[in-house]
Amino acid sequence: IFESAAEESALSSFLASVGVAWVARQVEYIQRGPVQLIRGIPSLLDEANEHLQALSAMSGSTYARLFESERTAWEVRLARFRDAMELWAEVQTRWLHLSNLFSECNAGIASLRKQLRQEYSSFVSVQARFAEFTTHSKSAAGILEAMENSSGLDRMSMELSAIVRSLGKFLESQRSS
């Protein structure tokens, strides 16, 4: 009986520690132009993956069935968070690359904007949505809550990928001429 109680207590404590680690988790934001960028995304993803692995391993315990609904809820929530954070990282990386290219400080920007009008227009549109998204995320109680409403990141990622592809084609055509 003592062993059962100790095992149940350990599982309960672990689930509580996951909640403490994630519910009000704050991240550091860095202002870059109109966008708030998250610093330390790889460490956030590592921690989420570690917790997901531990939650998965927990299901093998004979005492886990007492906590199955809470364990499953955290597993689902953290998996969604991880997926959204990976999308954020993609959008953030692509946005940074393109913002440097399309920045006002770039000497060749006027010519590039004329030649890539549609891509630049798409970039400006994505930038506005990403800035709004990041501002909203920063105002959330924590990063987990912020990532629960990550709709739109996938579309932004696809649009930025299309811009990068178009830019690659443009650069290849410039090299060929």
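Worth knowing before you read on, the calculation uses all heavy atoms, side chains too, and leaves out hydrogens, waters and symmetry mates.
Interatomic distance, CG of Leu44 versus CD of Glu86, reported as 11.5 Å (0.5 Å rounding). One finds the CG atom of Leu45 at 6.5 Å from the CE atom of Met85 (value rounded to the nearest 0.5 Å). Gln118 contributes atom CD, which lies 5.5 Å from atom OG of Ser122 (distance to the nearest 0.5 angstrom). Between Phe123 atom CZ and Leu116 atom CG the span is 12.5 Å, to the nearest 0.5 Å. Atom CD of Gln127 and atom CG of Leu98 lie 10.0 Å apart (nearest 0.5 Å). Rounding to the nearest 0.5 Å gives a distance of 11.0 Å between CD of Glu68 and CG of Leu11.
Under the 3.5 Å distance criterion, the side-chain polar atoms of Gln31 are matched with a main-chain donor or acceptor of Gly33. Although no hydrogens or angles enter the test, the distance criterion places no donor-acceptor pair under 3.5 Å between the side chain of Ser56 and the main chain of Gln53. Side chain of Ser13 to main chain of Ser9: a donor-acceptor pair is present (N/O by atom type, distance under 3.5 Å, no hydrogens or angles).
Remark: of the listed residues Thr72, Val76, Leu78, Leu78 is the sole one forming a side chain to side chain contact (heavy atoms under 4.5 Å, CB included) with Leu55.
Taking every heavy atom of both residues into account, Arg32 and Trp95 meet most closely at O-CH2, 3.3 Å. Shown here for Trp88 and Ser137, the closest heavy-atom pair between the two residues is CZ3-OG, 3.5 Å. The two atoms that bring Glu8 and Phe67 nearest to each other are O-CZ, 3.4 Å, heavy atoms only. Minimum interatomic distance between Ala79 and Leu52 (heavy atoms only, all atoms of both residues): N-CD2, 3.8 Å. Taking every heavy atom of both residues into account, Asn49 and Arg82 meet most closely at OD1-CD, 2.9 Å. Between Pro34 and Ala131 the shortest heavy-atom distance is O-CB, 3.1 Å.
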Name every donor-acceptor pair, under 3.5 Å, that has one atom in a side chain of residues 157-166 and the other anywhere in the protein, sequence neighbours excluded.
| unit_1 | atom_1 | unit_2 | atom_2 | d |
| --- | --- | --- | --- | --- |
| Ser157 | OG | Glu90 | OE1 | 3.0 |
| Ser157 | OG | Arg94 | NH1 | 2.7 |
| Glu159 | OE1 | Arg129 | NH2 | 2.7 |
| Glu159 | OE2 | Arg129 | NH1 | 3.2 |
| Glu159 | OE2 | Arg129 | NH2 | 3.1 |
| Glu159 | OE2 | Arg155 | NE | 3.1 |
| Ser161 | OG | Arg94 | NE | 3.3 |
| Ser161 | OG | Arg94 | NH1 | 2.9 |
| Ser161 | OG | Arg94 | NH2 | 3.3 |
| Ser161 | OG | Ser157 | O | 3.0 |
| Ser166 | OG | Glu119 | OE2 | 3.3 |
| Ser166 | OG | Ala162 | O | 3.2 |

Report task. Show your working on side-chain hydrogen bond (donor to acceptor under 3.5 Å, both in side chains) between Trp74 and His51 and close with a plain yes or no. Result -> CA-CA 9 Å; Trp74 273 113; His51 279 131; over 6 Å; no
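By the 4.5 Å heavy-atom criterion applied to side chains, Val27 and Tyr29 are counted as neighbours. Side chains of Phe130 and Thr135 form no contact here, defined as non-hydrogen atoms less than 4.5 Å apart. Contact of the Leu37 side chain with the Val35 side chain is registered, since non-hydrogen atoms from C-beta on lie closer than 4.5 Å. In this structure, the side chains of Arg77 and Glu148 come closer than 4.5 Å at one or more pairs of heavy atoms. Side-chain contact check for Ile143 versus Gln26: every heavy-atom pair is 4.5 Å or farther apart.
Between Lys169 and Glu172, no side-chain nitrogen of the basic residue sits less than 4.0 Å from a carboxylate oxygen of the acidic one, so the salt-bridge criterion is not met.
Shown here are the salt bridge (charged side-chain N to carboxylate O under 4.0 Å, His left out) partners of Arg25, two or more places apart in sequence or in another chain: Glu47.
Atom CZ of Arg65 sits in a sparse spot, with 12 or fewer heavy atoms from other residues, nucleotides or ligands closer than 6.0 Å.
Hydrophobic clustering, with ILVMFWY side chains joined whenever heavy atoms are under 4.5 angstrom apart, groups Leu171 together with Leu101.
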